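Note that the structure is predicted; figures quoted are calculated from it, not measured.
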2 protein chains.
Amino acid sequence: MDTSGIFAQFERHITLDEKEKLSIRSVLIPARLKQGEFVETVGKVTSNFIFVNLGCLMTYYTDAEGTDHVIQFAMAGWWTGDLHSFTKEEPSIYSTRALSDSEVFYLPKTDMEALLQKFPKLERYFRILFQNSIVSHQHRLIQNLSVTADQRYENFSKRYPSLEQYVPLKYIASYLGITPEFLSKIRRKRSGH
Amino acid sequence: MDTSGIFAQFERHITLDEKEKLSIRSVLIPARLKQGEFVETVGKVTSNFIFVNLGCLMTYYTDAEGTDHVIQFAMAGWWTGDLHSFTKEEPSIYSTRALSDSEVFYLPKTDMEALLQKFPKLERYFRILFQNSIVSHQHRLIQNLSVTADQRYENFSKRYPSLEQYVPLKYIASYLGITPEFLSKIRRKRSGH
DNA sequence: TGACGGACTTGAACCAGGTTAAGATTTAGT
DNA sequence: ACTAAATCTTAACCTGGTTCAAGTCCGTCA
């Protein structure tokens, strides 16, 4: 499986020589996923950080009533997974699955830790990645607290136009924090009356 | 100003020798804040990352209608600030101010970058810090999407009991994503009818 | 090709939480 | 200590969004 995509991402923030790339490549586990396939399921400890090479994944929480709440989508070039379970080594409370046929690389936690020890520039890479991620999370929080569902949908469409082709509307509704029914109403109003 | 608190935090994840501590100490800017005093204001680029040595700070967003939305509180031992402005060097959209008389250390961005270059273990420290922060942000998002305001208040009180003594209820309401009036209703019901 | 299930829409009744405005209580400044 | 301002509460009314139930429009697989 082609590793140019993942190294392109690394090289947005750090530079890697061939030896380093080789070390990284040697621990990445490539996998192909069918649409709908689960990567992580509730109750098991997540042992991999996940890079999306191709396709689209989503991570969601299922509450006590059985309602799903989408935490994040992940498109090609993004890292994803259940950071809670991965970090604390507690059973996962989220599920991650493919929204389309996808290719991913798994980076097992133990290998990731070894790499971070061996190549401190990777600490830097993930520090920057996580720092940016916090900024996005704060932005989303603020959106949920300060603008109407209608506006959130408009902003979402503008910000992630490519997601609308992969993602069923019901998951977009969930991401926006509303029901599919209400998203339907918003869309009707929006498309002229 | 006493730097033992900040080094105790560093040493939760990494170990530092005296030389390294000296380097860090030499760039930290200590400051005392009066209750209500602003640390960062909307419109200016944030050039400091902030460590709370004593007291309590909060960061909030003021929307188009003039309503404040609390992004985060920060107590003694926590890092805080406007990570958006700090990272992207864009004018701040958030305000940060002291909720009580406080002591903080400012870590200027240029100094922080130099330290990170010089001591890669600091990359590690902040990588871990940010990774944990993402977990908290996701937890809060999920809470906002899946439980009632009533439950959120209960969870908040349990999780941050020490905050209730510093923080006016209207800011707790804002953090929970509700109005002060509605929080009042919740509290009334809660305290025995 | 038909029938099954998943995704999307519609409409009506309903509710969690918002809005407004007024009063009660605490806090802070001089 | 006195006042002004900020915080907190109460109550009546309002609305964005939910719930539930029914119906439509696919894609898919025997």
Participant: Can we say A:Lys185 and A:Glu181 salt-bridge, meaning some charged N sits less than 4.0 Å from an Asp/Glu carboxylate O?
Facilitator: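 Salt bridge absent between A:Lys185 and A:Glu181.
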
Participant: Which letters describe nucleotides 6-25 of chain D, given B = protein heavy atom under 4.0 Å from base, S = only from sugar-phosphate, - = neither?
Facilitator: -SSBBS-----BBBB-----

Participant: Using chain B heavy atoms and a threshold of under 4.0 Å, write down where along DNA chain C the contacts begin and end, 5' to 3'.
Facilitator: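 Nucleotide range in contact with chain B: C:dG17 to C:dA28.
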
Participant: Determine to 10° how strongly the helix from C:dT1-D:dA30 to C:dT30-D:dA1 is bent, judged from the axes of its five-pair ends.
Facilitator: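 Overall, the helix from C:dT1-D:dA30 to C:dT30-D:dA1 bends by 50° from one end axis to the other.
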
Participant: Which class fits the ring pair B:Phe156 and B:Tyr175: parallel under 30°, tilted 30 to 60°, perpendicular over 60°?
Facilitator: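 Rings of B:Phe156 and B:Tyr175: tilted, as their planes differ by 30° to 60°.
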
Participant: Between A:Tyr60 and A:Phe38, which heavy-atom pair has the shortest distance, and what is it?
Facilitator: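 Heavy atoms of A:Tyr60 and A:Phe38 come nearest at OH-CE2, 3.3 Å.
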
Participant: What residues form a salt bridge (Lys or Arg N to Asp or Glu O under 4.0 Å) with B:Glu37, not counting sequence neighbours?
Facilitator: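 Salt bridge (Lys or Arg N to Asp or Glu O under 4.0 Å) list for B:Glu37, sorted by chain: empty.
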
Participant: Does B:Gln35 reach a base, just sugar-phosphate, or nothing at all? Heavy atoms under 4.0 Å.
Facilitator: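 Sugar-phosphate contact only - B:Gln35 comes under 4.0 Å of backbone atoms but never of a base.
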
Participant: Students often mix this up, so state it plainly: with edges at 30° and 60°, are the rings of B:Tyr125 and B:His13 parallel, tilted or perpendicular?
Facilitator: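 Ring orientation, 0 to 90° scale: tilted.
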
Participant: Looking at every heavy atom in both A:Phe86 and A:Leu107, which two are closest together, and how far apart are they?
Facilitator: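 That closest heavy-atom pairing would be CE1-O, 4.4 Å.
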
Participant: Assess, by modelled atom type and distance only, whether the side chains of A:Gln131 and B:Thr87 contain a donor and an acceptor separated by less than 3.5 Å.
Facilitator: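 Their side chains do contain a donor-acceptor pair, which is all the 3.5 Å distance test asks for.
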
Participant: Apply salt bridge (Lys or Arg N to Asp or Glu O under 4.0 Å) to B:Glu123 and list each qualifying residue two or more places apart in sequence or on a separate chain.
Facilitator: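 B:Glu123 satisfies salt bridge (Lys or Arg N to Asp or Glu O under 4.0 Å) with A:Arg124, A:Arg127 once adjacent residues are dropped.
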
Participant: Cut-off 3.5 Å, side chains only: do A:Ser4 and A:Asp2 have a donor facing an acceptor?
Facilitator: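 Present: a donor and an acceptor within the cut-off.
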
Participant: Using salt bridge (Lys or Arg N to Asp or Glu O under 4.0 Å) as the criterion, list what pairs up with A:Arg32, not counting sequence neighbours.
Facilitator: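 Scan of A:Arg32 (salt bridge (Lys or Arg N to Asp or Glu O under 4.0 Å), adjacent residues dropped) gives A:Glu103.
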
